[in-house]
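Residue numbers count from 1 along this sequence.
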Amino acid sequence: MKKSNIKTHLDTDKKNEKNGNIFFYFLLILMIVASLVGYMYIRNGKDALTTRNFAMKSNNIKLEQEIKFLQSEVNDLSRPGQIRSIAGEQLGLVNSTPQPDAIFVKKK
């Protein structure tokens, strides 16, 4: 007896199933890789913004300290006695109102 080439319903669509499965797995892997790449992109962006935020906060604290220091220096320099001493010593200015001189006369 010769073996006849009879195709059953189990043999007919095996090639088509393999092609469909490969395409399905390719799409599945592509979606997984794309989601991981997207996640890493968003995570790196968040980390960069967090680092920038910390740098700006530290810079803000330094500037606030400098403002306080400059305000205390302005308060110190705006005192009338300090203004007179700086005007006389560093700028060579004299008082505009003449100072009375005392003259002592000795009797013989």
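Summarising the geometry, atom CG belonging to Leu30 is positioned 9.5 Å from atom CZ belonging to Phe23; distances are rounded to the nearest 0.5 Å. Asn44 contributes atom CG, which lies 5.5 Å from atom CE of Met40 (distance to the nearest 0.5 angstrom). Put simply, CD1 on Ile42 and CG on Asp47 are 12.0 Å apart, with the number rounded to the nearest 0.5 Å. For the atom pair CG (Leu49) and CE (Met56), the distance works out to 10.5 Å, reported to the nearest 0.5 Å. Taken to the nearest 0.5 Å, the NZ atom of Lys46 stands 10.0 Å off from the OG1 atom of Thr51.
Through direct or relayed side-chain contacts under 4.5 Å between Ile, Leu, Val, Met, Phe, Trp and Tyr, Leu28 connects to Ile32, Leu36. Hydrophobic cluster membership for Ile86: Leu77 (Ile, Leu, Val, Met, Phe, Trp, Tyr linked by side-chain heavy atoms under 4.5 Å, directly or transitively).
In this structure Arg52 satisfies the salt bridge (Lys or Arg N to Asp or Glu O under 4.0 Å) test with no other residue, sequence neighbours excluded. Legend: residues meeting side-chain contact (heavy atoms from CB on, under 4.5 Å) with Val37, ordered by chain and number and at least two apart, are Val33. When the side-chain contact (heavy atoms from CB on, under 4.5 Å) test is applied to Phe26, no partner is found at least two apart in sequence or on another chain. Take Tyr39 and apply the side chain to side chain donor-acceptor pair (under 3.5 Å) test, not counting sequence neighbours, and it matches Arg43. Applying the side-chain contact (heavy atoms from CB on, under 4.5 Å) criterion to Ser58, with sequence neighbours excluded, gives no partner residue. Ile67 meets the side-chain contact (heavy atoms from CB on, under 4.5 Å) test with Gln71; sequence neighbours excluded. Scanning for side chain to side chain donor-acceptor pair (under 3.5 Å) contacts around Asp76 gives Arg79, with sequence neighbours left out.
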